Asks: 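Here's a structure for you.
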Amino acid sequence: MGGTFDPVHHGHLVAASEVQARFNLDEVVFVPTGQPWQKGEREVSPAEDRYLMTVIATASNPRFSVSRVDIDRSGPTYTVDTLQDLRAKRPDAELFFITGADALAQILSWRDAEKLFGLAHFIGVTRPGYTLDDHHLPDGSVSLVEVPAMAISSTACRDRVALGEPVWYLVPDGVVQYIQKRNLYADRTIGCQSE
Ligand code: ATP
Ligand code: MG
């Protein structure tokens, strides 16, 4: 499951858990992006902070892990590179790429879109406020999964922190504490969306 995870929140975790159970996956690997090429509008928190928050959030689930492939590769993150790197580390694994409805909508604009479908099976999860539309996707390459609706976004979490509002229970407790400890999102432009 790729994402900026700035910060990781319970929407991400519920989606990952639901797909893990539905497809009986051995492992869900969270892959925080490097410098996100589609997020030019705002400054993204340091990769190491996003990585550590993701580790904290996933630590208690034996089926969840976090990969550094994207943050250790220089330059912008392309999903084709992510999948090739994960494939190299797990040559025998069957790969599934979990992504949200909003990201899935952009999938055909991604670099090497056709190649992507050969590298992994794509799973699009529902997300409140976004509709899933599989009209333009190649047959059989994408599954759509309905997950319990969690109207949480990282943007909303960042805005709440900037306004001094609580993010308890929107993100895992350890992530709340990490945000405080590192003083993340304290002074930012409110409502600055990533895409
Ligand atoms: P931002 O507001 O900064 O864009 P985000 O909440 O969209 O952050 P991302 O890191 O961009 O989080 O998301 C990673 C993936 O998780 C995306 O594919 C996104 O669609 C999906 N996702 C994010 N929030 C939810 C949610 N509440 N329910 C289902 N999927 C989600
Ligand atoms: Mg997003």
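Indexing begins at 1, ligand by ligand and atom by atom, following the structure's order. Since we're looking at a predicted model, the values are computed, not measured.
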Asks: Under 3.5 Å between some N or O of ligand 1 and some N or O of S153?
Replies: no
Asks: Measure the distances from the heavy atoms of C157 to every atom of ligand 1 and state whether one is below 4.0 angstrom.
Replies: no
Asks: Kindly identify the option in R158, M150, R127 whose heavy atom sits closest to atom 31 (C) of ligand 1.
Replies: R127
Asks: Judged on heavy-atom distance to atom 14 (C) of ligand 1, which of A16, G2, G100 sits nearest?
Replies: G2
Asks: Please identify which atoms of ligand 1 are closer than 4.0 Å to at least one heavy atom of G3.
Replies: 10 (O), 14 (C)
Asks: We want to know whether D70 and T82 form a side-chain donor-acceptor pair, criterion being a heavy-atom distance below 3.5 angstrom.
Replies: yes
Asks: If you measure from each heavy atom of H9 to ligand 1, is any distance below 4.0 Å?
Replies: yes
Asks: Under 4.0 Å from any heavy atom of G11, which atoms of ligand 1 are there?
Replies: 26 (C), 27 (N)
Asks: Would one find an N or O of F5, backbone or side chain, under 3.5 Å from an N or O of ligand 1?
Replies: yes
Asks: If you measure from each heavy atom of I152 to ligand 1, is any distance below 4.0 Å?
Replies: yes
Asks: Provide the number and element of each atom of ligand 1 under 4.0 Å from a heavy atom of T99.
Replies: 18 (O)
Asks: Which of the atoms in ligand 1, numbered in the order shown and given with their element, are less than 4.0 Å from a heavy-atom of D102?
Replies: 19 (C), 20 (O)
Asks: Compare all side-chain heavy atoms of H10 with those of L170 and state whether any distance is below 4.5 angstrom.
Replies: no
Asks: Say whether V14 and ligand 1 are in contact under the criterion: heavy-atom distance to a ligand atom below 4.0 Å.
Replies: no
Asks: Measure from the ring center of F97 to the ring center of H121 and say whether it is less than 6.0 Å.
Replies: no
Asks: Between V8 and ligand 1, find which residue part has any heavy-atom pair under 4.0 Å and reply side chain, backbone, both or neither.
Replies: neither
Asks: Can you tell if the side chain of V29 reaches within under 4.5 Å of the side chain of V66, non-hydrogen atoms only?
Replies: no
Asks: Please verify the inter-ring angle class for F122 with F117; under 30° counts as parallel, over 60° as perpendicular, anything in between as tilted.
Replies: perpendicular
Asks: Distance only, no hydrogens: is a donor on one side chain within 3.5 Å (strictly under) of an acceptor on the other, for E146 and T126?
Replies: no
Asks: Taking only heavy atoms of A103, which atoms of ligand 1 are found under 4.0 Å from at least one of them?
Replies: 18 (O)
Asks: Does the salt bridge (charged side-chain N to carboxylate O under 4.0 Å, His left out) test come out yes or no for E48 and R68, once each step is laid out?
Replies: CA-CA 9 Å; E48 214 60 44; R68 297 183 59 95; 2.8 Å; yes
Asks: Which one of H12, H10, M1 has a non-hydrogen atom at the shortest distance from atom 9 (P) of ligand 1?
Replies: H12
Asks: Determine whether more than 12 heavy atoms belonging to other residues, nucleotides or ligands lie under 6.0 Å from atom CZ of R182.
Replies: no
Asks: If I compare all heavy atoms of R127 with all of I152, which pair ends up nearest, and what's the gap?
Replies: NH2-O, 3.7 Å
Asks: For ligand 1, which atoms, with element, lie under 4.0 Å from some heavy atom of T155?
Replies: 1 (P), 2 (O), 3 (O)
Asks: Do D49 and Y178 get their side chains close enough for a donor-acceptor pair, meaning under 3.5 Å?
Replies: yes
